[in-house]
Every structure is written in structure tokens, then in C-alpha cells.
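Being a predicted model, the structure only gives us computed values, none of them experimental.
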Amino acid sequence: MSAVENLTAVIVDDEPLARRGLRLRLEQMPGVEVIAECGNGREALELIPQMNPDVAFVDIQMPGINGLQLVQQMPLQKLPQVVFVTAYDQYAVEAFEVNAVDYVLKPIEEERLQLALTRAREKMATADIAIQREQLLEAVADLTRESPQALEQKLVSGQFAGSAYPDKIAVKDSGKITLVPAREIDWIDAAGDYMCVHALGETHVMRITMKELEQQLDPKLFQRIHRSTIVNLSRVREIRAHINGEYHLVLDNGECLKMSRSYKNKVQHFL
């Protein structure tokens with residue numbers, strides 16, 4: 001199947017000079033029509049589904065909704081080909097190439113921009129948007145230093161629907177996903193490469209790093225009390241000093257959890 005010749009494009013960047021510079025370069029290239037510009041991610045979320053461009057040039061580092069969140073929140077059927085505009089390091093750039101998602105690095109080089117357009121045309125010719133969406137999300141996961149599993153859990157639980165933290169944590173086990181209400185979690189502890197989520201008298205096991213899971217939880221409600229333990233602060237009954245100078249947290253259900261001294265002041269701040 002031959003590549004698509006003519007492309008319509010939207011530029012998303014919070015810097016007016018950057019948008020103007022990219023527009024001028026694109027307008028000098030045959031077969032490209034810039035049909036709109038957006039100064040932020042929220043504006044792009046409204047405009048892109050209306051304009052339905054073939055390709056969107058999206059700056060990653062924007063205030064509010066950044067480029068990664070924009071892609072994550074865009075409806076599948078309205079997702080155009082995405083070329084990220086980034087000043088990130090080489091590791092991040094390589095992640096996109098491995099996952100067949102393109103980028104242009106600031107400052108933008110004309111030859112690299114032309115290559116990005118060629119790749120966008122070739123990918124449009126395949127017309128398999130579902131696979132391209134999956135590849136894009138995998139690349140976003142690499143760039144954000146999150147595992148694809150962690151990103152999938154966020155998408156399933158609705159974290160990117162507008163709330164900063166999901167109401168439910170998606171636990172995937174043997175292909176089945178269980179949604180655990182975040183506020184019902186008592187505590188979480190690490191067991192090797194797995195996290196044990198204790199909620200409503202049950203223990204759910206998920207393969208995710210402590211850091212990735214911690215990022216899904218509201219810090220006003222959940223705090224780490226040990227390098228391998230996170231606790232729901234609303235479940236804490238008391239902080240108990242131990243004779244050897246250590247501390248323990250006692251939960252409403254009677255569970256006693258060891259707390260590192262380095263976390264004591266931070267935890268007390270939220271209690």
C-alpha cells in the first residue's frame with residue numbers, strides 16, 4: 001500500500017515562537033497543510049477531535065496537561081498520528097524509535113522533520129489505528145519510566161479521565177483485572193518484585209514497582225512509612241515508640257507495622 005501524500009497537521013506547543021517556527025518549516029514542505037495551532041493540552045483535547053488532523057506535533061513539556069497526558073486522554077477514534085516535540089535525553093528518544101513512534105528533537109532539524117513526516121505517511125497507509133495506539137502508549141510508558149502494566153492499570157482505573165489520582169487501583173492477575181477502591185486499602189507492602197495490597201480483609205498481588213504504585217495514590221491519604229511499606233493514614237490508630245528507638249504504626253484492625261525513623265516526621269505531618 002502506498003504512503004499517503006497529503007497531510008493535515010495541528011501544532012500543540014505552549015511557546016508561541018516555537019509554534020511559529022514549526023509552522024514555517026512545515027509550510028515549506030510539500031503535501032503538508034497546518035490547519036490549527038493549540039497553546040496548551042486542554043485546548044488541543046477540544047480542537048483535535050473537531051479538526052480531525054492526520055498528524056499532531058505535540059510538545060511534551062507543557063504546563064497543565066502535558067503532551068503525554070494529552071495522548072493518554074485522547075479518544076481512540078480521534079487519535080491522529082503523533083509526532084512528539086521533545087528536549088528529552090537520548091534514552092527517551094530511543095524509546096520512541098523502538099516502539100515505532102516518532103519525535104523531533106529541539107532545536108528542530110529540517111531533515112529530521114522530513115523523516116517524521118515520511119513515517120507519519122507510511123503509518124497512515126497501514127490504517128491500523130488500534131495497533132498504533134497500543135505502540136504509542138507503550139512508548140509513553142517508556143518515556144515516563146513506567147511499566148506498560150502500570151500505565152494499563154491507570155487507563156483501566158480512569159486516572160487520566162481528569163482526576164489526579166484514581167478512585168480504584170487496577171490489579172491484574174492471570175489476565176483478570178480487579179478494581180480495588182483506593183480508600184479501602186489498609187496498607188501495601190513489597191514482596192520481591194510484587195506488591196501486596198491489603199484491602200477489605202483480602203490481599204491482592206500485583207507486579208509493579210513501589211514507586212509506580214505510590215504515584216497512583218493520593219499523598220494526602222497514603223504515605224510511605226518504610227522503604228517497602230505504604231499505609232493508608234486514615235487507618236492509623238496510633239504511633240507507638242519501641243524500646244530500641246524504632247517506631248510502629250498501629251492500624252484500626254490491630255495490624256502493627258514497622259516505621260522507619262526517617263519517615264516519622266513526614267507521616268506525623270499528615271496525621
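In this structure, the separation between CG on Leu79 and CG on Leu70 is 9.0 Å, given to the nearest 0.5 Å. Remark: Leu17 CG to Leu22 CG distance equals 12.5 Å, nearest 0.5 Å. Atom CD1 of Ile188 and atom SG of Cys196 lie 10.0 Å apart (nearest 0.5 Å).
Considering only heavy atoms from C-beta on, Ile169 comes within 4.5 Å of Leu213 through its side chain. Between Val82 and Met74 the shortest side-chain heavy-atom distance does not fall below 4.5 Å. Within the 4.5 Å cutoff, no side-chain heavy atoms of Met195 are placed close to those of Ile230.
In this structure, a donor-acceptor pair under 3.5 Å is present between the side chains of Asp54 and Thr8.
The salt bridge (Lys or Arg N to Asp or Glu O under 4.0 Å) check on Asp186 picks up Arg235, with sequence neighbours excluded. Take Glu238 and apply the salt bridge (Lys or Arg N to Asp or Glu O under 4.0 Å) test, not counting sequence neighbours, and it matches Arg240. The ring pair (Phe, Tyr, Trp, His ring centres under 6.0 Å) check on His226 picks up nothing, with sequence neighbours excluded. Partners of Lys258 according to the salt bridge (Lys or Arg N to Asp or Glu O under 4.0 Å) rule, which considers only residues two or more places apart in sequence or in another chain, are Glu246. Shown here are the side-chain hydrogen bond (donor to acceptor under 3.5 Å, both in side chains) partners of Glu214, two or more places apart in sequence or in another chain: Arg224. Among residues two or more places apart in sequence or in another chain, the side chain to side chain contact (heavy atoms under 4.5 Å, CB included) test is passed with Gln50 by none. Contacts of Leu200 classified as side chain to side chain contact (heavy atoms under 4.5 Å, CB included), with partners at least two apart in sequence or in another chain: Glu184. Applying the side chain to side chain contact (heavy atoms under 4.5 Å, CB included) criterion to Arg183, with sequence neighbours excluded, gives Leu221. The side chain to side chain contact (heavy atoms under 4.5 Å, CB included) test applied to Ala116 returns Val83, Asp102, Val104, Arg112, not counting sequence neighbours.
Results of the side-chain contact (heavy atoms from CB on, under 4.5 Å) test with Ile208 over Glu212, Met210, Lys211 single out Glu212 as the only residue that passes.
Among residue pairs with one or both ends in residues 179-221, those qualifying as ring-ring contact (aromatic ring centres under 6.0 Å, His included) are Trp187-His198; sequence neighbours excluded. Among residues at least two apart or in separate chains, there is no salt bridge (charged side-chain N to carboxylate O under 4.0 Å, His left out) pair with a member in residues 71-82.
The nearest pair of heavy atoms linking Phe57 to Ala9 is CE1-CB, 4.2 Å. Annotation for Pro53 and Pro80: closest pair O-CB, 3.3 Å, computed over non-hydrogen atoms. Between Ile239 and Leu249 the shortest heavy-atom distance is CG1-CD2, 3.2 Å.
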Would you be so kind as to tabulate the donor-acceptor pairs closer than 3.5 Å made by side chains of residues 30-40, with sequence neighbours excluded?
from: Glu37; atom 1: OE1; to: Arg19; atom 2: NE; distance (Å): 3.2
from: Glu37; atom 1: OE2; to: Arg23; atom 2: NE; distance (Å): 2.5
from: Glu37; atom 1: OE2; to: Arg23; atom 2: NH2; distance (Å): 3.4
from: Asn40; atom 1: OD1; to: Arg42; atom 2: N; distance (Å): 3.2
from: Asn40; atom 1: OD1; to: Glu43; atom 2: N; distance (Å): 2.7

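By the rule that hydrophobic residues join a cluster once side-chain heavy atoms approach within less than 4.5 Å of another member, Val250 and Leu233 end up as members of separate clusters.
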